[in-house]
Amino acid sequence: MSKIINVIKGTKDILPQDVAAWHRLEETALEVFTKYGYKEIRTPIFEATELFARGVGDTTDIVNKEMYTFEKSDRSLTLRPENTAGVVRSFIENGMARLSAPVKLWYHGPMFRYERPQAGRQRQFHQVGVEMFGIKQPTADAEVILLAVNYLKALGLNDLLVEINSLGCPTCREAYKKKIKEVLKPEFDNLCEDCQNRYEKNPLRLLDCKVESCKEIFEKPEIKKVIQSDFVCEECAEHFRELKSYLDKMGVKYQENKLLVRGLDYYNRTVFEIKSNNLGSQNAVCGGGRYDSLVRNLGGDDVPAVGWAMGMERLNSLLPAIDMAKLDAYIVSNDSTQAFVLAEELRNAGKIVEFDLSNKKFTKQLEKASKSAKFALILGEDEINNGTVSVKNLETSEQVTVQRDKVLALI
RNA sequence: GCGGGUGUCGUCAAGUGGUUAAGACCUCGGAUUGUGGUUCCGAUAUGCAUGGGUUCGAAUCCCAUCACCCGCCCCA
């Protein structure tokens with residue numbers, strides 16, 4: 001035997017016994033999202049590298065060190081690390097800004113990030129997500145959050161923690177960034193290396209640093225005061241208040257988290273995450289927010305938007321496994337032709353049916369039937385001569401012999 | 001990029017220097033040429049991630065490499 005070839009690190013086969021769980025996620029998504037008027041969209045899994053550099057943001061870790069990028073015909077292409085940029089690209093390219101707003105889209109599929117794999121984190125992973133275009137009012141933010149919560153509920157996940165925050169608009173956020181930099185300046189040398197880098201590039205990202213020494217610095221009263229100050233302008237504050245009021249009325253439980261920043265550059269105003277305590281350290285199931293300037297930044301009109309994505313592997317790890325479906329019937333016969341004919345009749349009537357293709361002994365066939373099917377349909381010499389079938393219920397062991405055309409009614 | 005851990009059959013595993021590498025499950029065959037799921041018997045690793053080394057002798061000790069897992073970071 002020659003050397004076997006393994007799956008690539010950070011990728012996984014989804015095996016037959018796991019597929020039912022994935023269908024559950026996809027079918028529930030279709031069902032729930034359709035009720036809210038969302039239409040599915042499927043975009044390519046690779047795009048121009050520039051789309052992600054401009055879309056996701058070139059200060060993000062995703063763009064800086066996690067993209068699978070390759071050259072082909074002098075073009076730089078990248079396997080999508082997330083799908084918002086791709087959907088926005090398609091929105092612009094297909095003139096969807098001219099459709100009657102809102103334009104509501106959903107998607108699911110594989111994403112690729114070159115990260116160190118660990119629990120809840122793969123290099124090829126799958127996301128399901130929604131994007132809503134054209135509505136600047138907080139009704140849109142409320143609807144997508146409600147949609148996320150109801151999707152999780154439909155899957156049977158009720159007790160997850162919803163966290164929300166407002167990042168303000170570019171104007172008020174600039175002022176806030178400036179204040180944070182000012183108050184942290186004396187502590188600059190005490191910050192961790194990463195935070196020192198973030199200090200210039202994206203000071204907001206300092207706030208969710210996990211390093212203890214940094215957390216301590218942020219706990220200092222004079223610094224905490226600035227961090228927790230309500231920096232958002234009145235317009236943004238009103239937007240956020242309205243959102244919370246909708247969530248309250250819809251019975252969505254949430255916590256405000258001032259430190260919730262999110263790692264992608266395109267967000268403004270509303271950001272949110274949904275977390276679970278049962279996922280180990282990669283505890284976010286859902287992340288999203290509002291991105292009012294992304295469409296314009298990618299060359300489209302000034303169209304506000306809001307959306308989120310969920311990690312499907314993480315969802316599955318929170319949900320109970322699904323057993324593989326049993327066959328409705330397994331035909332036990334040594335007459336392959338007769339078995340073929342009966343199997344096809346039943347399959348055409350919608351039943352899941354198999355029979356032995358290798359002419360095994362009767363007992364072996366029955367053994368196989370008992371392991372894989374609800375009923376054994378015995379089609380031996382006697383039955384064939386009489387135009388009958390013996391139908392054996394493999395759970396109760398009850399067996400009856402009936403005319404062939406009565407079989408369907410019994411299984 | 002930085003830490004920690006683990007690699008023995010398809011799967012789970014015993015074995016911690018001494019002859020032929022336990023056992024269980026799965027799979028396959030037989031007991032049983034038309035009655036299974038219970039039972040009984042049998043088959044299945046010339047090899048212990050890979051490559052070196054130490055030794056009379058290595059799955060076991062040493063070194064290197066590889067793979068996977070977990071944590072940090074980041075994110076879904």
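Numbered from 1 within each chain, the chains take letters A, B, ... in sequence-line order.
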**Q** Report the base-pairing partner of B:rG71 (Watson-Crick or G-U wobble, both distances below 3.5 angstrom), or none.
**A**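 WC or wobble partner is B:rC2.
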
**Q** What's the closest nucleotide to the A:Gln399 side chain, out of B:rG34, B:rU35, B:rG71?
**A**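 The closest nucleotide is B:rU35.
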
**Q** Does A:Lys9 make a side-chain N or O approach to OP1 or OP2 of B:rC68 shorter than 4.0 Å?
**A**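 The answer is yes; a side-chain N or O of A:Lys9 sits under 4.0 Å from OP1 or OP2.
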
**Q** Return the value, rounded to whole Å, for the distance between atom CD of A:Glu163 and atom P of B:rC75.
**A**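 Atom-to-atom, A:Glu163 to B:rC75, this comes out as 14 Å.
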
**Q** Indicate yes or no: does A:Glu367 engage A:Lys364 in a salt bridge with an N to O separation below 4.0 Å.
**A**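 Judged by the 4.0 Å cut-off on N to carboxylate O distance, A:Glu367 and A:Lys364 do form a salt bridge.
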
**Q** Expressed as a whole number of angstroms, how long is the span from A:Arg116:CZ to B:rG5:C1'?
**A**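 The distance from CZ of A:Arg116 to C1' of B:rG5 comes to 13 Å, rounded to the nearest Å.
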
**Q** Does B:rC69 have its OP1 or OP2 closer than 4.0 Å to a side-chain nitrogen or oxygen of A:Gln118?
**A**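 For B:rC69, neither OP1 nor OP2 has a side-chain N or O of A:Gln118 closer than 4.0 Å.
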
**Q** Let me confirm one number: the CG-CD1 distance from A:Leu260 to A:Ile164, rounded to the nearest 0.5 Å.
**A**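 It is 9.5 Å, given to the nearest 0.5 Å.
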
**Q** Categorize A:Glu66 for me: base, sugar-phosphate, or nothing, with a 4.0 angstrom heavy-atom threshold over every strand shown.
**A**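 Sugar-phosphate, no base atom in range.
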
**Q** If I pick the P atom on B:rC66 and the same atom on B:rC25, what distance separates them, to the nearest angstrom?
**A**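 Taking atom P in both B:rC25 and B:rC66, they lie 39 Å apart.
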
**Q** For B:rC28, give its Watson-Crick or G-U wobble partner with both distances under 3.5 Å, or none.
**A**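 Check on B:rC28: paired to B:rG42, both distances under 3.5 Å.
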
**Q** Is the positively charged end of A:Arg113 above the ring of A:Tyr68, judged by distance under 6.0 angstrom from the centroid and angle within 45° of the axis?
**A**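 Negative - A:Arg113 is either too far from the ring of A:Tyr68 or too far off its axis.
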
**Q** Please report the interatomic distance CG(A:Leu294) to CZ(A:Phe91), rounded to the nearest 0.5 Å.
**A**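 Output value for this atom pair is 11.0 Å.
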
**Q** Show, in sequence, the C-alpha distance, side-chain angles and deciding distance for A:Phe112 and A:Phe46, and conclude whether the ring-ring contact (aromatic ring centres under 6.0 Å, His included) test is met.
**A** CA-CA 10 Å; A:Phe112 306 84; A:Phe46 61 96; 10.0 Å; no

**Q** Which atom names give the shortest non-hydrogen contact between A:Arg404 and A:Leu342, and what distance separates them?
**A**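 Nearest heavy atoms, A:Arg404 then A:Leu342: NH2-CA, 3.5 Å.
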
**Q** For B:rA21 and B:rA58, measure between their P atoms and round to the nearest Å.
**A**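 To the nearest whole Å, 13 Å.
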
**Q** Classify A:Gly129 by what it touches in the nucleic acid, base, sugar-phosphate, or nothing, heavy-atom distance under 4.0 Å.
**A**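 If one applies the 4.0 Å heavy-atom cut-off, A:Gly129 turns out to touch nothing in the nucleic acid.
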
**Q** Counting only Watson-Crick or G-U wobble pairs whose two distances fall under 3.5 Å, which nucleotide matches B:rC56?
**A**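 The base-pairing partner of B:rC56, which may sit in any strand shown, is B:rG18.
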
**Q** Classify A:Ala369 by what it touches in the nucleic acid, base, sugar-phosphate, or nothing, heavy-atom distance under 4.0 Å.
**A**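 A:Ala369: no heavy atom of the nucleic acid under 4.0 Å.
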
**Q** Charged N to carboxylate O under 4.0 angstrom, A:Asp356 versus A:Lys368?
**A**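 Salt bridge flag = no for A:Lys368 with A:Asp356.
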
**Q** What distance, rounded to whole Å, do you find between the two C1' atoms, one in B:rG51 and one in B:rA67?
**A**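 Looking at atom C1' only, B:rG51 and B:rA67 are 15 Å apart.
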
**Q** Output yes when at least one side-chain N/O atom of A:Lys371 is less than 4.0 Å from OP1 or OP2 of B:rU27, else no.
**A**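 It does, given that an N or O in the side chain of A:Lys371 lies less than 4.0 Å from OP1 or OP2 of B:rU27.
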
**Q** Quick one: which of B:rC72, B:rG37, B:rG34 gets closest to the side chain of A:Ser370?
**A**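 Nearest nucleotide to the side chain: B:rG37.
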
**Q** Looking at the base of B:rG37, is there any donor atom on it, or on the side chain of A:Ser397, that sits under 3.5 Å from an acceptor on the other one?
**A**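 Donor-acceptor pair under 3.5 Å: yes.
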
**Q** Taking atom P in both B:rU60 and B:rG37, what distance in whole Å separates the two?
**A**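 Their P atoms lie roughly 42 Å apart.
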
**Q** When all nucleic acid strands are considered with a 4.0 Å heavy-atom cut-off, which category describes A:Leu315: base, sugar-phosphate, or nothing?
**A**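 Result for A:Leu315 = nothing.
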
**Q** Pick the P atom in B:rG57 and in B:rU19, then give their distance to the nearest Å.
**A**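 B:rG57 and B:rU19 have their P atoms separated by 15 Å.
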
**Q** Name the closest nucleotide to the A:Lys12 side chain, picking from B:rG30, B:rU35, B:rC69.
**A**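 From the listed options, B:rC69 comes nearest.
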
**Q** With nearest nucleotides of RNA chain B determined for A:Leu394 and A:Met310 from heavy-atom distances, which residue corresponds to the more 5′ nucleotide?
**A**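 In this pair, the answer is A:Leu394.
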
**Q** Please pick, from B:rG34, B:rC72, B:rG29, the nucleotide with the shortest atom-to-atom distance to any side-chain atom of A:Glu383.
**A**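 For A:Glu383, the side-chain atoms sit closest to B:rG34.
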
**Q** Check whether the side chains of A:Asn83 and A:Thr43 place a donor and an acceptor atom closer than 3.5 Å, and report yes or no.
**A**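 The answer is yes; a qualifying pair exists.
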
**Q** Using a cut-off of strictly less than 4.0 Å, decide whether A:Lys361 has a side-chain nitrogen or oxygen near OP1 or OP2 of B:rA31.
**A**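 It does, given that an N or O in the side chain of A:Lys361 lies less than 4.0 Å from OP1 or OP2 of B:rA31.
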
**Q** Both A:Arg123 and A:Leu366 contact RNA chain B. Taking the nearest nucleotide for each, which residue is further toward the 5' end?
**A**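 So the residue in question is A:Leu366.
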
**Q** Taking B:rU20 as the reference, what is the distance to B:rC2 when you measure between their C1' atoms (whole Å, please)?
**A**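 Result for the C1' pair: 47 Å, nearest Å.
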
**Q** Can you tell me the distance, in whole Å, between the CG atom of A:Asn393 and the P atom of B:rU35?
**A**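 Answer to the nearest Å: 19 Å.
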
**Q** Touch check for A:Gln365, heavy atoms < 4.0 angstrom, all strands: base, sugar-phosphate only, or nothing?
**A**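 Nothing, no heavy atom under 4.0 Å.
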
**Q** With heavy atoms under 4.0 Å as the rule, sort A:Lys275 into base, sugar-phosphate or nothing.
**A**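 No contact.
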
**Q** Rounding to an integer number of angstrom, what distance separates B:rG71 and B:rA14 when you compare their P atoms?
**A**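 One P to the other, the span is 23 Å.
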
**Q** Round to a whole Å and report the spacing from CG of A:Asn64 to P of B:rC75.
**A**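 Computing the A:Asn64:CG to B:rC75:P distance gives 11 Å.
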
**Q** Remember a base hit wins even if backbone is also touched, and classify A:Gly287 as base, sugar-phosphate or nothing at under 4.0 Å, heavy atoms.
**A**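 Answer is sugar-phosphate: A:Gly287 comes under 4.0 Å of backbone atoms only.
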
**Q** Just the rounded figure in Å: distance from C1' of B:rU35 to CG of A:Asp382.
**A**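 Whole-Å distance recorded here is 13 Å.
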
**Q** Searching all strands shown, indicate the nucleotide that pairs with B:rA64 (Watson-Crick or G-U wobble; both distances under 3.5 Å).
**A**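 Because both required distances fall under 3.5 Å, B:rA64 counts as paired with B:rU50.
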
**Q** From CG of A:Asn6 over to P of B:rG10, roughly how many Å is that when rounded to an integer?
**A**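 My rounded result for the distance is 13 Å.
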
**Q** With distance as the sole criterion, do the side chain of A:Arg314 and the base of B:rC75 form a donor-acceptor contact below 3.5 Å?
**A**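 A donor-acceptor contact between them is present.
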
**Q** Checking contacts here: which listed nucleotide (B:rC75, B:rG71, B:rG36) is nearest the side-chain heavy atoms of A:Glu367?
**A**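 Nucleotide nearest to A:Glu367's side chain: B:rG36.
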
**Q** Which whole-number value in Å describes the distance from A:Glu115 CD to B:rC73 P?
**A**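 Answer to the nearest Å: 13 Å.
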
**Q** What is the distance, rounded to the nearest whole Å, between atom CD1 of A:Ile8 and atom P of B:rC69?
**A**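 Answer to the nearest Å: 13 Å.
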
**Q** Say you draw a straight line from CZ of A:Phe355 to CG of A:Leu346; how long is it, rounded to the nearest 0.5 Å?
**A**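 Reported to 0.5 Å precision, the distance equals 11.5 Å.
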
**Q** Quantified in whole Å, what is the C1' atom distance between nucleotide B:rC9 and nucleotide B:rU32?
**A**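 The answer is 30 Å between these two C1' atoms.
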
**Q** Do A:Arg121 side-chain and B:rC73 base share a donor-acceptor contact under 3.5 Å?
**A**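 A donor-acceptor contact between them is present.
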
